[in-house]
Amino acid sequence: MRFSLPGETGKIEQMAKGRLGKIVFWGLVLRLAVWPWVYHEDVKTYYWWGRFAHEFGLKGYYNWLDFGAYWHPDQPMLMILIVRAIRQLYLAVYSVLWWINVKIPLFPSKIMQWYFEEGNIYLIKLVWILADLAIIVLVYRIIKDRYGVKKAGVGAWMAGASLPLIYNSAVWGNVDGWANWLALLGIYWLIKKRRVMAAGLVLSSFLVKPSLLVWIPVMAAVWFWSKPTKADYVKMLVFGLFLVWVTAKPFAVGETFGWVMWVYREKILPGCMMWLTANAANFWAMIFGFTKTPDDIRLFGVVTFRLISLVTVGAGTVWVTIKLIKNFCWENIWWALATMSMLSFCFMTRMHERYSFPALVPLIILSAADGKFKKYYLGITITHMLNVVGVWSAVGWVWLEGVLSGELTVRLVSLANVLMTIKLLDEWKKKKIKKQIKLSYN
């Protein structure tokens with residue numbers, strides 16, 4: 001047994017913090033290197049959502065506000081509040097730059113022109129990049145608690161250099177990082193039995209984007225494992241209702257909670273594209289390609305493809321949840337999150353090309369526990385990038401998009417995703433040991 005010398009623990013902690021700081025710094029550098037050059041049309045949508053929210057107010061935002069030719073909001077209220085806050089930050093910075101522009105003759109006016117035209121959009125991307133940095137820190141903390149600083153550093157580097165994470169935030173400009181960080185931090189705190197705040201973080205994730213609702217069974221399993229008291233249930237309920245009320249009240253028309261159910265049912269959960277696949281390389285693309293085929297078509301005139309997908313994913317989710325409960329351990333928590341993400345991506349209709357993204361961070365964490373999961377992380381990283389670049393190459397290489405979105409490529413990438421998902425279903429930790437989860441509370 002090795003005994004730590006006086007002051008040695010503190011030195012190790014300082015070295016670990018310094019190493020994490022370097023990883024976060026270089027993760028930021030990688031993202032800033034590609035941040036200024038291009039963005040997807042999604043960022044323009046966020047821009048208009050934030051601008052409309054600022055200029056016209058929030059009451060009736062989902063009900064009667066006319067967005068004209070712009071995409072009507074199909075994301076929850078916290079998402080709208082975030083892009084509205086970014087709009088307000090843009091205007092505040094604009095007023096400062098304008099004062100400098102007027103008072104200091106040497107100030108280059110082209111900066112003012114660029115910021116007027118593009119500043120709001122690039123501020124949005126910058127906020128999404130911050131979510132990546134938060135994920136790097138979280139991955140480090142989770143792995144460090146279980147396996148120490150060396151493996152934590154490897155995991156943090158994997159997150160910092162992850163092409164899907166960089167492409168999603170710094171190139172494409174999408175909000176998925178914040179939704180994932182909130183949910184993963186909530187699960188991490190739940191493992192540490194910080195139950196009420198954990199529940200609030202998970203709920204906040206759903207208020208940014210509902211794409212991680214498929215993780216609810218895992219969250220419920222961890223919640224019950226933590227042996228919550230009656231007081232915890234009461235506190236969770238009160239805090240959750242308060243959080244929803246505070247977030248929704250500025251938007252609500254009529255009774256707030258009834259309005260929340262309406263907006264999720266009518267505006268958010270149905271999705272914006274009622275197709276078998278919205279460019280996701282999954283089971284449906286493997287069979288039908290990227291054709292715009294509605295998912296309400298009935299198989300043999302009896303049951304819709306949408307219902308088939310719901311039943312398939314539902315059955316798979318139940319199976320994964322049972323395996324987690326019967327073999328409850330630290331590793332199986334992250335395995336269940338990654339597996340449920342891929343089940344949803346591969347077999348649910350209406351999936352977008354980016355929605356294999358939630359499987360990646362749990363797979364990074366798992367790779368620290370068992371090297372066999374690195375092949376899944378690498379494989380899904382490759383198929384994810386082939387999928388998103390095939391839909392939008394960022395650099396405008398039409399020929400590349402043509403090759404990657406071609407029928408043969410789409411079906412092969414889809415087949416790879418389906419096979420990895422099926423294989424991943426059998427990778428749960430079969431040996432149950434006592435006191436599987438033992439984490440530090442530093």
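Numbers here simply count residues along the sequence, with the first being 1. Since the structure is predicted, the reported quantities are computational estimates derived from the model, not experimental observations. As a basis for the values below, the full set of heavy atoms in this structure was taken, side chains included, without hydrogen atoms, waters or symmetry mates.
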J.: So which atom in Pro76 and which in Val208 form the shortest heavy-atom distance, rounded to 0.1 Å?
T.: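 Closest heavy-atom pair between Pro76 and Val208: CD-O, 3.2 Å.
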
J.: Determine, stepwise, if the pair Tyr90 / Phe116 fulfils side chain to side chain contact (heavy atoms under 4.5 Å, CB included).
T.: CA-CA 9 Å; Tyr90 160 80; Phe116 175 74; 4.1 Å; yes

J.: Any idea which heavy atoms bring Glu401 and Val391 closest together, and the distance?
T.: OE1-O, 3.9 Å

J.: Mind telling me whether Phe373 and Tyr376 have parallel, tilted or perpendicular rings, with 30° and 60° as the class edges?
T.: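 Tilted, since the angle between the ring planes falls between 30° and 60°.
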
J.: Is there side-chain contact between Ile322 and Trp319, with at least one heavy-atom pair below 4.5 Å?
T.: no

J.: Distance-only, no hydrogens or angles: does the Asp295 side chain make a donor-acceptor pair with backbone N or O of Thr349 under 3.5 Å?
T.: no

J.: Taking the side chain as every heavy atom from C-beta outward, state whether Arg306 and Asp296 have any pair of such atoms under 4.5 Å apart.
T.: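 The answer is no; the side chains never approach within 4.5 Å.
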
J.: So does Gly160 get a backbone contact from the side chain of Arg31, meaning a donor-acceptor N/O pair under 3.5 Å?
T.: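 Side chain of Arg31 to backbone of Gly160, a donor-acceptor pair under 3.5 Å: yes, one is there.
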
J.: Could you check whether Asn174 and Asn168, counting side-chain N and O atoms only, form a donor-acceptor pair closer than 3.5 Å?
T.: no

J.: Roughly how far, to the nearest 0.5 Å, is the SG atom of Cys346 from the CG atom of Leu419?
T.: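 Reported value, rounded in 0.5 Å steps: 9.0 Å.
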
J.: Could you please spell out the steps behind the side chain to side chain contact (heavy atoms under 4.5 Å, CB included) verdict for Val202 and Leu182?
T.: CA-CA 6 Å; Val202 170; Leu182 286 165; over 6 Å; no

J.: Quick check: Phe67 with Tyr61 (ring centres under 6.0 Å apart)?
T.: yes

J.: With distance as the sole criterion, is a donor-acceptor pair present between the side chains of Asn120 and Arg87 under 3.5 Å?
T.: yes

J.: Just say parallel, tilted or perpendicular for the rings of Trp335 and Trp428, cut-offs at 30° and 60°.
T.: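 The rings of Trp335 and Trp428 sit tilted, inter-plane angle from 30° to 60°.
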
J.: At what distance, to the nearest 0.5 angstrom, does CE of Met420 lie from CG of Leu363?
T.: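 Taking CE in Met420 and CG in Leu363, the distance rounds to 9.5 Å.
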
J.: Report yes if the side chains of Val137 and Leu133 come closer than 4.5 Å at any heavy-atom pair, otherwise no.
T.: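 No, their side chains stay 4.5 Å or more apart.
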
J.: If you measure from CG on Asn180 to OG on Ser211, what distance do you get to the nearest 0.5 Å?
T.: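 Here the rounded value is 6.5 Å.
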
J.: Do side-chain atoms of Ser367 reach the backbone of Gly371 as a donor and acceptor pair under 3.5 angstrom?
T.: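 Pair absent, no side-chain N/O of Ser367 close to backbone of Gly371.
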
J.: May I ask you to check whether over 12 heavy atoms, not counting those of Trp114, lie within 6.0 Å of atom CH2?
T.: yes

J.: Give a yes or no on whether Lys375 atom NZ has more than 12 heavy-atom contacts from other residues, nucleotides or ligands under 6.0 Å away.
T.: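 Correct, the count exceeds 12.
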
J.: With rounding to the nearest 0.5 angstrom, report the CZ to NZ distance, Arg19 to Lys150.
T.: 8.5 Å

J.: Write down the atom of Trp49, the atom of Trp71, and the distance for their closest heavy-atom approach.
T.: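 Here Trp49 and Trp71 meet closest at NE1-O, 2.8 Å.
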
J.: Show the nearest heavy-atom pair for residues Phe290 and Ala280, with the distance to one decimal.
T.: CE2-O, 3.5 Å

J.: Kindly say whether Thr317 contributes a backbone atom to a donor-acceptor pair with the side chain of Thr321 at under 3.5 angstrom?
T.: yes

J.: Identify which one of Thr421, Asn332, Val218, Leu424 satisfies the side-chain contact (heavy atoms from CB on, under 4.5 Å) criterion when paired with Thr339.
T.: Leu424

J.: Looking at CZ of Arg51 and CD1 of Ile86, how far apart are the two atoms once the value is rounded to the nearest 0.5 Å?
T.: 15.5 Å

J.: So, do Met342 and Ile380 sit near enough that their side-chain heavy atoms are less than 4.5 Å apart?
T.: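 Yes; the side chains approach each other to less than 4.5 Å.
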
J.: Around atom NZ of Lys374, are there more than 12 heavy atoms from other residues, nucleotides or ligands closer than 6.0 Å?
T.: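 Incorrect, the count does not exceed 12.
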
J.: With a 4.5 Å heavy-atom cut-off, do Lys44 and Ile121 have their side chains touching?
T.: yes

J.: Would you name the heavy atoms of Gly27 and Ile136 that are closest together and state the gap between them?
T.: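 The answer is CA-CD1, 4.4 Å.
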
J.: For Gln75 and Tyr46, does a side-chain donor sit closer than 3.5 Å to a side-chain acceptor?
T.: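 No, Tyr46 and Gln75 have no side-chain donor paired with an acceptor closer than 3.5 Å.
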
J.: Look at atom NZ of Lys227 and say whether more than 12 heavy atoms of other residues, nucleotides or ligands are closer to it than 6.0 Å.
T.: no

J.: At their closest point, which heavy atom of Phe347 faces which heavy atom of Trp284, and how far apart are they?
T.: O-NE1, 2.9 Å

J.: Taking atom CD as the centre, does Glu407 end up with more than 12 heavy-atom neighbours from other residues, nucleotides or ligands that are less than 6.0 angstrom away?
T.: no

J.: Just by modelled atom types, is the Asp42 backbone N or O under 3.5 Å from a matching donor or acceptor in the His40 side chain?
T.: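 Yes, because the side chain of His40 sits within donor-acceptor range (under 3.5 Å) of the backbone of Asp42.
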
J.: Where does the angle between the aromatic ring planes of Trp334 and Trp330 fall among parallel (under 30°), tilted (30 to 60°) and perpendicular (over 60°)?
T.: perpendicular

J.: Could you check whether Phe288 and Phe305 have their ring centres less than 6.0 Å apart?
T.: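 Centroid separation for Phe305 and Phe288: below 6.0 Å.
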
J.: Keeping Lys59 on the side-chain end and Ala252 on the backbone end, is there a donor-acceptor pair under 3.5 Å?
T.: yes

J.: Side chains of Asp145 and Tyr188 only: does a donor on one sit below 3.5 Å from an acceptor on the other?
T.: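 Side-chain D/A pair, Asp145 to Tyr188: present.
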
J.: Please determine whether side chain to side chain contact (heavy atoms under 4.5 Å, CB included) holds for the pair Ser341 and Trp215, giving the CA-CA distance in whole Å, both sets of side-chain angles, and the decisive distance to 0.1 Å.
T.: CA-CA 8 Å; Ser341 298; Trp215 285 0; 2.9 Å; yes

J.: Tell me if the aromatic rings of Phe345 and Phe357 count as close, with their centers under 6.0 Å from one another.
T.: no

J.: So how far is it from Leu163 CG to Leu360 CG, rounded to the nearest 0.5 Å?
T.: 10.5 Å

J.: Can a donor-acceptor pair be found, under 3.5 Å and without considering hydrogens, that links the side chain of Trp35 to the backbone of Leu30?
T.: no

J.: Pick from Asn282, Asn387, Thr383: which one makes a side chain to side chain donor-acceptor pair (under 3.5 Å) with Asn417?
T.: Thr383

J.: Give the intermediate values and the outcome of side chain to side chain contact (heavy atoms under 4.5 Å, CB included) for residues His72 and Leu65.
T.: CA-CA 9 Å; His72 286 240; Leu65 185 60; over 6 Å; no

J.: If only atom types and distance count, is the side chain of Thr409 paired as donor or acceptor with the main-chain N or O of Ser405 below 3.5 Å?
T.: no

J.: Contact between Glu353 and Trp172 at the side-chain level, heavy atoms closer than 4.5 Å - yes or no?
T.: yes

J.: Please determine if Lys151 forms a cation-pi arrangement with Tyr147, meaning its NZ or CZ atom is less than 6.0 Å from the six-membered ring centre and no more than 45° off the ring axis.
T.: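 Flagged: Lys151 positioned over aromatic ring of Tyr147.
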
J.: Quick check: are there more than 12 heavy atoms from other residues, nucleotides or ligands sitting under 6.0 Å from CZ of Phe56?
T.: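 Yes.
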
J.: Between Lys125 and Ala170 (side chain of the first, backbone of the second, donor and acceptor by atom type, cut-off under 3.5 Å), is there such a pair?
T.: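 It does hold such a pair.
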
J.: Within a reach of under 6.0 Å around NZ of Lys292, are more than 12 heavy atoms found that belong to other residues, nucleotides or ligands?
T.: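 Check passes, neighbour count above 12.
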
J.: Looking just at side-chain N and O atoms, do Ser162 and Tyr377 make a donor-acceptor pair shorter than 3.5 Å?
T.: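 Side chains of Ser162 and Tyr377: pair found under 3.5 Å.
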
J.: Hey, would you say the Trp259 and Tyr62 ring centroids sit under 6.0 Å apart?
T.: yes

J.: Determine, for Asp232 against Arg195, whether the closest basic-nitrogen to carboxylate-oxygen distance falls under 4.0 angstrom.
T.: yes

J.: Any side-chain heavy atom of Leu324 sitting closer than 4.5 Å to one from Phe328?
T.: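 Result yes, sub-4.5 Å side-chain heavy-atom pair found.
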
J.: Ignoring hydrogens and geometry, is there a side-chain-to-backbone donor-acceptor pair from Arg298 to Val302 under 3.5 Å?
T.: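 Yes.
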
J.: So, do Tyr233 and Pro228 sit near enough that their side-chain heavy atoms are less than 4.5 Å apart?
T.: yes

